[in-house]
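These values consider heavy atoms only, across backbone and side chains, with no hydrogens, waters or symmetry-generated copies. This structure is a prediction, so every number in the text was calculated from the model and none was measured.
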Amino acid sequence: MDTKHVHFEGLDHPIALDGASKIAATMSTILTAWPHHMEPARSDNEPFVTIRPAPRERWEVVCADAPESPRIWNEVNALCDVVAEMAWERLRSDPRLLCLHTAAVDFGGRLVVFPNARRAGKSTLAIALARLGLPIYTDDFLPIQVDDVTRECVGIANGILPRLRLPVPEGFSNAFDEWVANNKGPSNRQYKYLADLPIAPWGAQLPLGAIVVLDRRDVPTRPELAAISHEEALAGLITQNFARTRHSGAILRSIDLISRHLPIYRLSYNSAEEAAEHLSSHPKLSALPVARIADTMQNARQAPLDLLERGAADFLRDKNYVQTPGVTQTKAGEDRFLADQDGIGIFRLNPMSSAIWGLLEEPTELDEIIEILAAAFPDVARDQILTDCDRLMRELAKAQLIIPLEEDVVAQ
């Protein structure tokens with residue numbers, strides 16, 4: 001087959017079109033503002049994903065990290081799959097970046113981000129805002145970096161058309177429905193990429209200005225924007241991050257700072273069209289601040305990804321355990337978040353788990369922890385305390401957040 005490589009700016013490796021040149025025009029339409037070019041395949045630069053024809057006018061998508069598991073799609077879904085892989089390749093190509101599953105829209109020179117949540121409608125809301133003239137930086141994934149000079153936390157546009165899930169949700173105006181139907185963007189029965197909207201070009205940067213958590217209701221609800229706390233937003237932002245090559249301590253500190261230095265709101269709404277009208281001229285989303293991260297809070301280390309395959313550490317019940325040095329931690333309300341020293345994961349502890357974690361500042365064994373909690377909570381069955389403590393200690397040991405002390409160390 002005739003193989004071509006498509007090279008996109010900012011990606012170390014190309015996309016291979018293996019006898020799949022027919023799909024190139026649709027790819028270029030969807031990625032209209034992401035600079036790219038096509039050339040004959042070269043053996044010195046392996047593709048991160050390959051597209052080739054499949055039976056019944058479908059397409060096979062093969063990822064370099066899972067060549068044994070090709071996926072078969074129609075044209076639009078194949079390109080949806082490829083766009084998702086491009087997000088991962090963007091991070092592999094520049095491990096300094098954070099990346100959030102979020103929509104991001106330009107409100108007067110500041111990015112307002114709408115973190116992903118199931119059925120919240122971030123893409124639909126971003127599209128409705130763009131229809132009103134507000135430029136979209138992304139409707140799905142937003143690379144984030146800290147400016148080397150200003151220390152401002154900025155989002156980077158990806159140059160991809162926004163994608164609407166079909167059919168259009170109920171509650172939109174006839175004019176919106178007709179606009180979608182007449183839009184010439186690529187589509188199938190499930191999705192439609194919408195053209196002729198203000199899309200920021202790939203690489204454009206704007207400071208983050210606000211976080212809006214979406215609360216879409218199933219019943220008619222008048223749009224309302226209300227302030228919420230850093231604690232309410234932190235957990236959601238952490239779960240939306242997918243910069244797996246970045247050290248988790250850096251992720252935790254960066255997201256903690258972003259959420260502390262930006263206004264955070266919850267948008268309650270039912271109709272994205274009404275919500276867009278409500279937000280487009282909302283006074284709270286004008287003259288927004290900028291999140292800045294000090295040098296001392298940066299951690300440029302990359303996570304050693306080979307440790308992802310490491311074996312779980314055995315928990316030794318008769319040993320004294322202590323917190324592992326180098327653990328990064330932050331509190332959000334009554335919960336606590338930990339990042340292990342190797343930078344592999346971020347862990348959330350509830351108030352009870354946090355209390356046990358606090359005891360482990362000094363060498364402590366499981367039976368001692370059980371005795372302390374049994375005395376503190378006499379109404380809780382001892383068997384339940386034992387089960388919960390044993391499970392938590394095993395999880396902490398597996399994550400290498402706690403380590404056992406040798407007998408000679410304990411004796412000191």
Could you go through the side chain to side chain contact (heavy atoms under 4.5 Å, CB included) check for Arg216 and Leu267 one step at a time?
CA-CA 8 Å; Arg216 188 172 72 84; Leu267 174 66; over 6 Å; no
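- Judged purely by atom type and a 3.5 angstrom limit, Ser21 has no side-chain atom pairing as donor or acceptor with the backbone of Leu17.
- The CG atom of Leu142 lies 8.0 Å from the CG atom of Asn158; values are rounded to the nearest 0.5 Å.
- A donor-acceptor pair under 3.5 Å is absent between the side-chain atoms of Thr150 and the main chain of Asp147, judged by distance alone.
- Checked for salt-bridge contact, Asp18 and Lys4 miss the test: no charged N lies under 4.0 Å from a carboxylate O.
- The environment of Glu39 atom CD is dense: over 12 non-hydrogen atoms of other residues, nucleotides or ligands sit within 6.0 angstrom.
- Under the 4.5 Å side-chain criterion, counting only non-hydrogen atoms from C-beta, Met352 is not in contact with Trp357.
- Ion pair Arg382/Glu371 flagged as a salt bridge, since at least one NZ, NE, NH1 or NH2 atom sits closer than 4.0 Å to an Asp/Glu carboxylate oxygen.
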Can you check side chain to side chain contact (heavy atoms under 4.5 Å, CB included) on Thr32 and Ile199, steps first, answer last?
CA-CA 9 Å; Thr32 180; Ile199 307 296; 5.6 Å; no
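- To the nearest 0.5 Å, the span separating CG on Leu396 from CD1 on Ile403 amounts to 12.5 Å.
- The main-chain N or O of Glu9 is found under 3.5 Å from a side-chain atom of Trp34 such that the two form a donor-acceptor pair.
- Under a cutoff of 6.0 Å and an axis angle of 45°, Arg131 and Trp179 form a cation-pi pair.
- Ser286 contributes a side-chain N or O that, together with a main-chain N or O of Pro283, makes up a donor-acceptor pair within less than 3.5 Å.
- In this structure a side-chain-to-backbone donor-acceptor pair under 3.5 Å is present from Asp139 to Arg163.
- Note that CG of Leu111 and CG of Leu288 are 10.0 Å apart. Values are rounded to the nearest 0.5 Å.
- The side-chain heavy atoms of Tyr269 and Glu274, taken from C-beta on, include no pair separated by under 4.5 Å.
- Looking only at distances, no side-chain donor or acceptor of Asp177 sits under 3.5 Å from a matching main-chain atom of Val168.
- Ion pairing between Asp106 and Arg110 fails under the 4.0 Å rule for side-chain N and carboxylate O.
- The nearest pair of heavy atoms linking Leu206 to Gly109 is CD2-O, 3.5 Å.
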List the steps and the verdict of side chain to side chain contact (heavy atoms under 4.5 Å, CB included) for Leu279 and Tyr265.
CA-CA 11 Å; Leu279 294 179; Tyr265 301 103; over 6 Å; no
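- A heavy-atom distance below 4.5 Å is not found between the side chains of Thr3 and Thr50.
- From Asp215, atom CG reaches atom CD of Glu224 across 10.0 Å, with rounding to the nearest 0.5 Å.
- Once rounded to the nearest 0.5 Å, the distance linking CG of Asp218 with CD of Glu170 reads 11.0 Å.
- The side-chain heavy atoms of Ile156 and Arg90, taken from C-beta on, include a pair separated by under 4.5 Å.
- Between the side chains of Asn270 and Thr221, not a single donor N or O lies within less than 3.5 Å of an accepting N or O.
- Annotation for Cys389 and Leu366: closest pair CB-CD1, 3.7 Å, computed over non-hydrogen atoms.
- Here the CD1-CG distance, from Ile30 to Leu161, works out to 7.0 Å after rounding to the nearest 0.5 Å.
- Classification of Arg92 and Glu89 as a salt-bridged pair holds, one side-chain N sitting under 4.0 Å from a carboxylate O.
- Counting heavy atoms from C-beta outward, Cys153 and Pro207 have side chains that stay 4.5 Å or more apart.
- In this model, a donor atom of one side chain and an acceptor atom of the other lie less than 3.5 Å apart for Ser268 and Arg217.
- More than 12 heavy-atom neighbours from other residues, nucleotides or ligands sit within 6.0 angstrom of CZ on Arg71.
- In this structure, the side chain of Asn183 engages the main chain of Ala195 through a donor-acceptor pair within 3.5 Å.
- No side-chain N or O of His5 forms a donor-acceptor pair with one of Asn45 less than 3.5 Å apart.
- Taking both residues in full, the closest heavy atoms of Asp12 and Ser93 are given as N-OG, 2.8 Å, listed atom of the first, atom of the second, then distance.
- Inter-residue side-chain proximity for Tyr191 and Cys80 is flagged as met; some heavy-atom pair is nearer than 4.5 Å.
- Here the side chains of Ile136 and Leu129 are not in contact, with every heavy-atom distance at 4.5 Å or above.
- Residues Asn188 and Glu75 bring no donor and acceptor atom of their side chains to less than 3.5 Å of each other.
- In terms of heavy-atom proximity, Val83 sits nearest to Tyr193 at CG2-OH, 4.4 Å.
- Ser28 contributes no side-chain N or O that, together with a main-chain N or O of Thr26, makes up a donor-acceptor pair within less than 3.5 Å.
- In this structure the side chain of Asp94 reaches within 4.5 angstrom of the side chain of Leu97, judged on heavy atoms.
- Side chain to side chain, Asp388 and Gln384 meet the donor-acceptor criterion of an N or O pair below 3.5 Å.
- Ser187 places no side-chain N or O within 3.5 Å of a backbone atom of Lys192 that could act as its donor or acceptor partner.
- Ala33 and Ala200 make their closest contact through CB-O, 4.2 Å (heavy atoms, listed as atom of the first residue, atom of the second, distance).
- Summarising the geometry of Ala272 relative to Phe172, their closest heavy-atom pair is CB-CZ, 3.7 Å, with the distance given to 0.1 Å.
- The number of heavy atoms from other shown groups lying within 6.0 Å of CG (Asp196) does not exceed 12.
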Set out, in order, the CA-CA distance, both residues' side-chain angles and the distance that settles side chain to side chain contact (heavy atoms under 4.5 Å, CB included) for Leu214 and Leu125, then state yes or no.
CA-CA 10 Å; Leu214 300 182; Leu125 178 59; 3.7 Å; yes
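- Using modelled atom types, one finds a donor on one side chain and an acceptor on the other under 3.5 Å when comparing Asp81 with Trp73.
- Proximity of the aromatic rings of Phe48 and His13 is defined here by a centroid distance below 6.0 angstrom, and this criterion is not met.
- In this structure, Thr138 contributes its side chain and Ala157 its backbone to no donor-acceptor pair below 3.5 Å.
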